[in-house]
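Side-chain atoms are counted along with the backbone in the values below, which use heavy atoms only and exclude waters and symmetry mates. Computed from a prediction, not measured in an experiment: that's the story for all the values here. Here is the naming used below: chain letters follow the sequence lines, and residue numbers restart at 1 for every chain.
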Amino acid sequence: MNQFKSLRGMVDVLPEQTSLWQAIEGVAREHFSRAGIKEIRTPILEATDLFARGIGEATDVVGKEMYTFSDRGDRSCTLRPEGTASVVRAAIENGLLTQGGQRLWYEGPMFRYERPQAGRQRQFHQLGIEFLGLKEPMNDAEVISIAWHLLNDLGLKDLELEINSLGTESDRDAFRTRFVSWLESRRSELDPDSQQRLKTNPLRILDSKDKKTKVILESAPKLSELISAESRHRFLHVQQSLEDLGIPFQVNEQLVRGLDYYDHTAFEITNSQLGAQSTVCGGGRYDRLVQELGGPATPAIGWAIGLERLILLMTQQANQNPLGKSAQLSKLKKPDLYIVNQGVDAKRKALVIAQKLRDAGLRVELDSSTASFGKQFKRADRSGADYAFVIGDEEVKTGQAPLKYLRDSSTKNKEVSTEKLLHLDDLESLISTIHKEQNIH
RNA sequence: GCGGGCGUCGCCAAGUGGUUAAGGCAGCGGCUUGUGGCGCCGCUAUUCGGGGGUUCGAAUCCCCUCGCUCGCCCCA
């Protein structure tokens, strides 16, 4: 018996978790709508070249992590490894950029062929925003602020915001030359990975985790010292705005990020509880990407939140603090009413009543088993419903049925707790009774 | 791609060569033939991720394989 299993790194989100996903999405939508950010939905599959050009051939994402295959027309297609390139492509293709600044958000699955580990899957979900055609430092602060406040509103604790400025492309060219020649002379002291990067992507040596390399870097030339006055001024402006907003941050000169398209502001929001994959949100400014992808020169900035990591964190923090916001958002919605029913006529009636009550907006669970009343009450209790409505053949005969409150802790086992006899056909009074009692309890 | 740990019921688990593979949770049935939360009783793995080997005998030892997991790399 060979059971089917999901592919490696592809994870099912089960009903127990989906309510939390929905809650997060709801909070995020609200934040976006308040900030005038509109949703965009783009295809999951794109031409491979879009990512190769957009993200950069030398990056790990493009070099070894893409899900790429040929379709029946022999076109090279790739499941998107991130959202930005697709959004930019869609904006160019549909002429959005001729209509002034665009504030966009997206959410959906992304794919990277990597070895799964805590906080990392092959199919994962990102929620992100992209501001296109907005070049001011205040936009950088605004974009970061939206992420910060969203995460805080979700109840997350112990978040750290790190920012850095990568300057412009020419800033980095100037730096790279100095940096590489300085490191060349100490080549043998570097870890093998960094030695390799001297050729392929020297800037990434900056955030090497290797201890010895880190020590060497302390005395190496700093990017911050070599960027132009204009870039430096811009970065200070962003910092000033963050201070105005009361958002605590740390400047991390080591922060480089692995996607090629960033200029100026780069940032990450992290939490140490996540272990090795500590970044919940990452982003930055990308002023060259739109043009690189064939559009008009358009400055832009955005970020993405990894939803699985966010959920990991929220779940952890909800366990630590059951009264916190994260815990509240994680709670499953309970039914308002559970209909206990037995007998042929009663079941016919119960089905119809359940539907009518649902139409009226109540959350109703209907027992469809032939189990004993005792069994059904047990299920009613477990369902978390506050009320049980009891319909048997007797009730059908007399036209009256008891509505029973299940959450009265003062009544003991076997003792019949508060019941109210209600007319079966008078659903109005059933609904209003439930609403009324909900206010009392 | 590289390194460590682990794979026994839906979930958590005991078992480290010897007749029928503990237990707990959940599920189902009953005690209570129309009233739950507590309690009690019963049922639920011919089988220990899969394949091969060693052995009179393997969940337990060996080999291969698959998967999970943690870390490195990288990133959300």
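- Taking every side-chain heavy atom of A:Arg407 into account, B:rG36 is the closest of B:rG36, B:rU69, B:rG29.
- For B:rG36, its base sits under 3.5 Å from the side chain of A:Asp381 at one donor and acceptor pair at least.
- Note: OH (A:Tyr405) to P (B:rG37) measures 17 Å, nearest angstrom.
- In this entry B:rG1 has B:rC72 as its Watson-Crick or G-U wobble partner, both defining distances falling under 3.5 Å.
- Atom CD1 in A:Ile339 sits roughly 16 Å away from atom C1' in B:rU35 (whole-Å rounding).
- Among the heavy atoms of the strands lying under 4.0 Å from A:Glu394 is at least one base atom, whether or not backbone atoms are also near.
- No side-chain donor from either of A:Glu160 and A:Thr270 sits under 3.5 Å from a side-chain acceptor of the other.
- Here A:Ala118 lies in heavy-atom contact (under 4.0 Å) with sugar-phosphate atoms only.
- If A:Pro116 and A:Arg122 are placed on RNA chain B by their nearest nucleotide, the residue sitting closer to the 5' end is A:Pro116.
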Handout entry: Steps toward ring pair (Phe, Tyr, Trp, His ring centres under 6.0 Å) verdict (A:Tyr405, A:Tyr387)
Key = CA-CA 5 Å; A:Tyr405 183 60; A:Tyr387 297 91; 5.3 Å; yes
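- Per the stacking criterion (ring centres < 5.5 Å, plane angle < 30°), A:Phe373 does not stack onto the base of B:rU35.
- Distance, A:Glu65 CD to B:rC73 C1': 9 Å, rounded to whole Å.
- Only the C1' atoms considered, B:rU47 is 12 Å distant from B:rU20, to the nearest whole Å.
- Base pairing of B:rG10 is made with B:rC25, judged by Watson-Crick or G-U wobble geometry with both donor-acceptor distances under 3.5 Å.
- We find that CG of A:Leu190 is positioned 15 Å from P of B:rC73, with the value rounded to whole Å.
- Between B:rU16 and B:rC25, the two C1' atoms lie 26 Å apart (nearest whole Å).
- The CD atom of A:Glu16 sits 13 Å away from the P atom of B:rC11 (whole-angstrom rounding).
- Nucleotide B:rC40 forms a pair with B:rG30, judged by Watson-Crick or G-U wobble geometry with both contacts under 3.5 Å.
- A donor-acceptor pair is defined here as one N or O able to donate and one able to accept, closer than 3.5 Å; no such pair exists between the side chain of A:Gln250 and the backbone of A:Leu161.
- For A:Arg103 and A:Glu142, the salt-bridge test passes: some basic side-chain N is under 4.0 Å from an acidic carboxylate O.
- Separating the CG atom of A:Asp393 from the P atom of B:rU33 is a distance of 17 Å, rounded to the nearest angstrom.
- Nearer to the 5' terminus of RNA chain B, by closest-nucleotide assignment, is the contact made by A:Arg379 (compared with the other of A:Arg379 and A:Ile305).
- Residue contacts shown for A:Ser372 are limited to sugar-phosphate atoms, with no base heavy atom under 4.0 Å away.
- When both distances must be under 3.5 Å, the Watson-Crick or G-U wobble mate of B:rG18 is B:rC56.
- Residue-to-nucleotide contacts include no donor-acceptor pair under 3.5 Å from the side chain of A:Lys378 to the base of B:rU35.
- Taking the six-membered ring for Trp and thresholds of 30 and 60 degrees, A:Phe32 and A:Trp303 have ring planes inclined between 30 and 60 degrees apart.
- When the nucleotides B:rA76, B:rG27, B:rC70 are ranked by their closest atom to the side chain of A:Ala304, B:rA76 comes out on top.
- Spacing between atom CD of A:Gln273 and atom C1' of B:rC70 amounts to 17 Å, rounded to whole angstrom units.
- Between B:rC62 and B:rG5, the distance separating the two P atoms is 13 Å to the nearest Å.
- Within the 4.0 angstrom heavy-atom criterion, no nucleotide atom of any strand lies near A:Gln123.
- Between the base of B:rG36 and the side chain of A:Lys404 there is a donor-acceptor pair shorter than 3.5 Å.
- Surrounding CZ of A:Arg41 are at most 12 heavy atoms belonging to other residues, nucleotides or ligands under 6.0 Å away.
- Rounded to whole angstrom, the span from the CG atom of A:Asn271 across to the C1' atom of B:rA76 amounts to 14 Å.
- For B:rG49 and B:rA21, the P atoms lie 15 Å apart once the distance is rounded to whole Å.
- Residue pairs meeting the side-chain hydrogen bond (donor to acceptor under 3.5 Å, both in side chains) criterion with at least one member in residues 342-355 of chain A, sequence neighbours excluded: A:Asn341-A:Lys347, A:Lys349-A:Asp425, A:Gln355-A:Asp359.
- Only the C1' atoms considered, B:rG17 is 49 Å distant from B:rA76, to the nearest whole Å.
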Sequence neighbours excluded and cut-off under 3.5 Å, please list the side-chain donor-acceptor pairs for residues 116-128 of chain A, or say none.
unit_1, atom_1, unit_2, atom_2, d
A:Arg120, NH1, A:Arg115, O, 3.4
A:Gln121, NE2, A:Gln123, O, 2.9
A:Arg122, NE, A:Glu114, O, 2.7
A:Arg122, NH2, A:Glu114, O, 3.4
A:His125, ND1, A:Glu308, OE2, 2.7

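- Counting non-hydrogen atoms under 4.0 angstrom, A:Gly119 reaches a base of the nucleic acid.
- The aromatic rings of A:Tyr67 and A:Tyr113 stand perpendicular to each other, their planes meeting at an angle above 60°, with 30° marking the opposite boundary.
- No donor-acceptor contact under 3.5 Å links the side chain of A:Gln376 to the base of B:rG34.
- Here A:Val390 lies in heavy-atom contact (under 4.0 Å) with a base.
- Closest contact between the side chain of A:Ala371 and the listed nucleotides B:rC28, B:rG29, B:rU69 involves B:rG29.
- Which of B:rU69, B:rG29, B:rC73 sits closest to the side chain of A:Arg8 comes down to B:rU69.
- Spacing between B:rC64 and B:rG4 at atom P, rounded to whole Å, works out to 13 Å.
- Exactly one of A:Leu166, A:Asn164, A:Ile144 qualifies for a side chain to side chain contact (heavy atoms under 4.5 Å, CB included) with A:Thr265. That residue is A:Ile144.
- Checked against B:rA26, B:rG29, B:rA76, the side chain of A:Tyr262 finds its nearest nucleotide in B:rA76.
- Nucleic acid contact for A:Arg112: base, since at least one base atom lies under 4.0 Å from a heavy atom of the residue.
- For A:Arg80, no side-chain nitrogen or oxygen approaches OP1 or OP2 of B:rA76 to under 4.0 Å.
- B:rG57 sits 40 Å from B:rC40 when the C1' atoms are compared, rounded to a whole Å.
- A side chain to side chain contact (heavy atoms under 4.5 Å, CB included) with A:Leu310 is found for exactly one of A:Ile305, A:Thr315, A:Leu20, namely A:Ile305.
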Please produce a list of atom pairs where a protein N or O lies less than 3.5 Å from an N or O of nucleotides 1-3 of chain B.
unit_1, atom_1, unit_2, atom_2, d
B:rC2, N4, A:Arg115, NH1, 2.8
B:rG3, O6, A:Arg115, NH2, 3.2

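- Here the separation of B:rC70 from B:rG37, taken at their P atoms, is 39 Å to the nearest Å.
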